[in-house]
Q: 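Handing you a structure now.
First listed ligand is number 1; within each ligand, the first listed atom is number 1. Quick note: residue numbers are just sequence positions, from 1.
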Amino acid sequence: MTHQIPGTMLLDPQVIDDPYPFYRRLHAEAPVWQVPGAGVFTVSTFELVAEAVGRVDAFSSNMKNLLYRDDAGLPARFHFGDAGGQALATADPPLHAIHRGAVFPELVAKRMNELEPDIVELADELVTAALKVGTVEFMTVIGNIVPMTMISRLIGFRDSNLDELWNSAVNGTRMLGSTLSFDELIEIATSGDSVRAWIADQLCAARKDPGEDLLGAVARSVNDDVVSEHEGMTILTTLLSAGGETTTSLLGNAVRILADNPELQEHLRQNPGQIPTFAEEALRLESPFRYLMRSVPEDTTLGSVEIPADSTVLLLWGAANRDAAEFERPDEIDLGRRVPRRHVAFGRGIHTCVGAPLARLEARIVLTILLQRTTNITLEPQHRPSWVTSLLVRRHLELPVRLHVR
Ligand code: HEM
């Protein structure tokens, strides 16, 4: 298929702010698109994303590059080869199953449900404080706080400083944001991270006396030589990054959709049982991770496009979730979809998100409490919402809202 999509579109700040017209163009013109001259391919249709995640030999999770924006506005690759090592999200079989086995039992829905009273208490406290003020920046007062607090507790970190953990998590995802200049990327990649040293101390202490939490599970796996200490550390930092910022994004995106749609708010206040379905639609429409990366060890093809060895492939979850070939009226909220969870916001295949039950629980609780305790949630007219400029995360940087107390 011939197409002339300019390579600069991928990282254009305006396209990042509103990527959906670009995704539609990719669906129509280049479901597998080679960004001109970059060694980078995007995959945008539901069918081809699903195929790629199933072919784990051809599309490896073992990342070997980061992307940055070059002076011409094009994506360029910073190759670090095997320096990153493989750990859980970046591991391929057979190692991946070992890493997943170390954390998965701690994250199943049944275990997550035990956290419900804690999440309710925290959400209630934050919503009560926000209602007293009325007009608030949602991300600062609620959205950023609930997921980071819960993931830190769930891991079992002792005496954590949530601001520092948040900054470290966001720095991690900024490296995958693909919008930094080369110098900015290198600065972040090489800067010493005090939080990593702090996590190393937590792991060291847990190895002496492993508790019944995620930290304890990882410590036991290290003690038993099931995973190396370096892998254990990377698994913990991945949990922190992946567990904090993504759910934060979901909470903000869901509140933004509600603030833009008073009738939907009212419908959900009358039918709170549909809030989980609404959360699935929010995940589909504004997928918190827009893409994740795969490496190509050998020449392959996808959707009749030849992809040479050493290419970097971006699986665009956010685009696949708006694919009209898969979803009727893909740009609309529809609480009546036959299978509401049939989206790829949590990925698909062997790397499907292990934290989905926790994210779903947090979203249900926060949205239920917010809707119960307000008559309306509106955008603050003086101060427009803004998005983080990242190819990776779809997160509100600021979401000023007015909460109308019931
Ligand atoms: C709305 C919230 C979330 C979204 C949208 C999300 C999204 C994703 C996606 C798309 C993947 C697939 C990665 C791939 O195929 O390369 C993934 C994997 C993963 N997520 Fe989540 N995630 C969320 C919440 C969480 C939470 C709360 C945790 C931690 C408790 C978590 C931990 C992980 C881990 C460790 C993986 C790697 C799993 C593996 O490789 O087997 N995520 N997530």
Q: Taking the side chain as everything from C-beta on, heavy atoms only, tell me whether Tyr23 gets closer than 4.5 Å to Ser44.
A: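 With C-beta onward as the side chain, the pair stays apart.
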Q: Taking a cutoff of less than 4.0 Å between a non-hydrogen atom of the residue and any ligand atom, is Val53 in contact with ligand 1?
A: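 Checking ligand 1 against Val53, which is what was asked, there is no heavy-atom contact under 4.0 Å.
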Q: Got the closest protein heavy atom to atom 37 (C) of ligand 1, with its distance?
A: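 Looking only at protein heavy atoms, the one closest to atom 37 (C) of ligand 1 is Ala89 CB, 3.7 Å.
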Q: Identify every side-chain donor-acceptor pair in residues 291-298 under 3.5 Å, counting partners at least two apart or on other chains, and give the distances.
A:
unit_1, atom_1, unit_2, atom_2, d
Tyr291, OH, Leu176, O, 2.8
Tyr291, OH, Ser178, OG, 3.3
Ser295, OG, Asn62, O, 2.8

Q: Mark the output for His96 as yes if a heavy-atom distance to ligand 1 is under 4.0 Å, and as no if none is.
A: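 For ligand 1, residue contact (heavy atoms, under 4.0 Å) with His96 is present.
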Q: Quick check on salt bridge (Lys or Arg N to Asp or Glu O under 4.0 Å): which of Arg342, Arg337, Arg360, Arg364 does Glu280 satisfy it with?
A: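 Between Glu280 and the candidates, salt bridge (Lys or Arg N to Asp or Glu O under 4.0 Å) is satisfied uniquely by Arg360.
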Q: Once you measure the plane-to-plane angle for His351 and His96, does it fall in the parallel (<30°), tilted (30-60°) or perpendicular (>60°) bin?
A: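 Aromatic pair His351/His96 classed tilted.
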Q: Are Arg220 and Asp224 close enough for a salt bridge, meaning some N to O gap below 4.0 Å?
A: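 No, no charged N to carboxylate O under 4.0 Å.
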Q: Is Arg284 reaching over with its side chain to a backbone N or O of Ala279, donor-acceptor style, under 3.5 angstrom?
A: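 Flag not set: sc Arg284 to bb Ala279 has no pair under 3.5 Å.
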Q: Using a 3.5 Å distance criterion without hydrogens, assess whether the side chain of Arg322 forms a donor-acceptor pair with backbone atoms of Leu285.
A: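 Side chain of Arg322 to backbone of Leu285, a donor-acceptor pair under 3.5 Å: yes, one is there.
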Q: Does even one non-hydrogen atom of Ile350 get within less than 4.0 Å of ligand 1?
A: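 In this structure, Ile350 qualifies as a contact of ligand 1 - some heavy atom is under 4.0 Å.
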Q: Once you restrict to heavy atoms under 4.0 Å, what part of Arg100 touches ligand 1? Side chain, backbone, both or neither.
A: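 Within the 4.0 Å criterion, Arg100 contacts ligand 1 through side-chain atoms alone.
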Q: Taking 2.8 Å as the upper limit, name the protein N, O or S atoms near atom 21 (Fe) of ligand 1.
A: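 Metal shell, protein only: Cys353 SG.
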